[in-house]
Amino acid sequence: MKKLSITWEGIYDSTGYLFSFAKALCCAVKNSPCPEMAEEIVASSGFAFRMWVAPDLCPSATSIWQFNQQKTWVERGGISCQYIERMWGQEDVEEERRLEAIQLIRENIDRGIPVISWDIVVCEWGLITGYDDETESFAVLPITGQEGKMEYSRLGKREIPILSVLAVTGKTDPSQEDNGSQGKDCTGKTVRERMVQETLDIAKNHLLGNEWCENACGLAAYPALVKHLESGESACSWNMEYYLGTYAPLKWYAWKFFERHGLQELATLYQSVYENWQKAFEMKKSLDLSDLENRQAVAELLKQAEEWEKQAVDKM
């Protein structure tokens, strides 16, 4: 077995439920040639701002989005990557894509970088950290943190049988992005300035509900959650804990991105947004939400966070 020594240590996750694709992406970049971009990529790829909520609070709604946009979104943040997928209705290319993905995984492990994959051991995003051609098995690190193994034959064929594999390969070549103009493009912006502007654009686009999703997305996620808190329906469920825990730490990555790039108004807003989501999660964990007063307190935290995010959109 050729295996990398990879753990989730050092990946900020204040709830233990951080959106698994974002967590895996951050960890892969942290263990790539550009570890300084690990936290930033969560925001610059847009995932720090994405929210999806199903009417029945089904947890799988957090993973229903345009998988084939992964490569584009990650590369907008300055990270080069390769991506292979096979979705439902593509059974005719199943074996071909699986073999391509196995080869991509081998190559990336040989580079010393773990590979992001859907549905390994648990039905979430996780990391493939090693491979063994003799036993035809991968070493995997699921979001639970318990290392395991998975046969090559099971790649893309587990509980939710779709294939989605993304391999971070390094940093995008700055000379190509700058068009040879001393670090600036044809508009006079540096690569860094353009990346920040594109992050603002992609964040605003999602928050305003312009990215495809069959569920409530962006700012519309707030009333979708508040509705359950006010009615009491599903408010006490683990599903509510999952949603609050999934999105709370993402707000931290948004806050830190703006802080790092000197956008102080947005940083201040997102610090407050993060703190409210975190408090809402902690209240869900510690209080009895069958009590109307407790539910109203959690709902008020989310309503105030929504107002701050609306203010942020106006400044993007």
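Without hydrogens or angle criteria, R295 side chain to L289 main chain gives a donor-acceptor distance under 3.5 Å. Checked by atom type and distance alone, the side chain of R97 never pairs as donor or acceptor with a backbone atom of R86 at under 3.5 Å. Remark: side-chain polar atoms of D119 are not paired, donor with acceptor, to backbone N or O of E124 under 3.5 angstrom. Under the 3.5 Å distance criterion, the side-chain polar atoms of S45 are left unmatched by any main-chain donor or acceptor of V74.
Heavy-atom neighbours of K315 NZ from other residues, nucleotides or ligands within 6.0 Å: at or below the threshold of 12.
Under 4.0 Å is where a charged nitrogen must lie from a carboxylate oxygen, and between E306 and K303 no such pair does. Salt bridge K251/E309: present, at least one basic N to carboxylate O contact under 4.0 Å.
You'll find the side chain of L127 reaches within 4.5 Å of the side chain of C27, heavy atoms only. Residues L4 and N31 are not in side-chain contact: their nearest non-hydrogen atoms beyond the backbone lie 4.5 Å or more apart. Counting only heavy atoms from C-beta outward, the side chains of Y253 and C26 approach each other to under 4.5 Å. Residues H228 and M240 meet the side-chain proximity criterion, which asks for heavy atoms closer than 4.5 Å.
Between Y270 and the choices F258, W308, W255, the ring pair (Phe, Tyr, Trp, His ring centres under 6.0 Å) rule is met once, by F258.
Side-chain rings of F281 and W277 stay apart, their centers remaining 6.0 Å or farther from each other. Ring to ring, F19 and Y247 are not that close: their centroids are 6.0 angstrom or more apart.
In this structure A101 satisfies the side-chain contact (heavy atoms from CB on, under 4.5 Å) test together with I84, L155, L163, V165, sequence neighbours excluded.
Within the structure, side-chain hydrogen bond (donor to acceptor under 3.5 Å, both in side chains) pairs that include any residue of residues 100-109 comprise Q103-R106, Q103-E107, R106-D133, N108-R111 (at least two apart or interchain).
Note: W118 and F67 have tilted aromatic rings, judged against thresholds of 30 and 60 degrees for the angle between ring planes.
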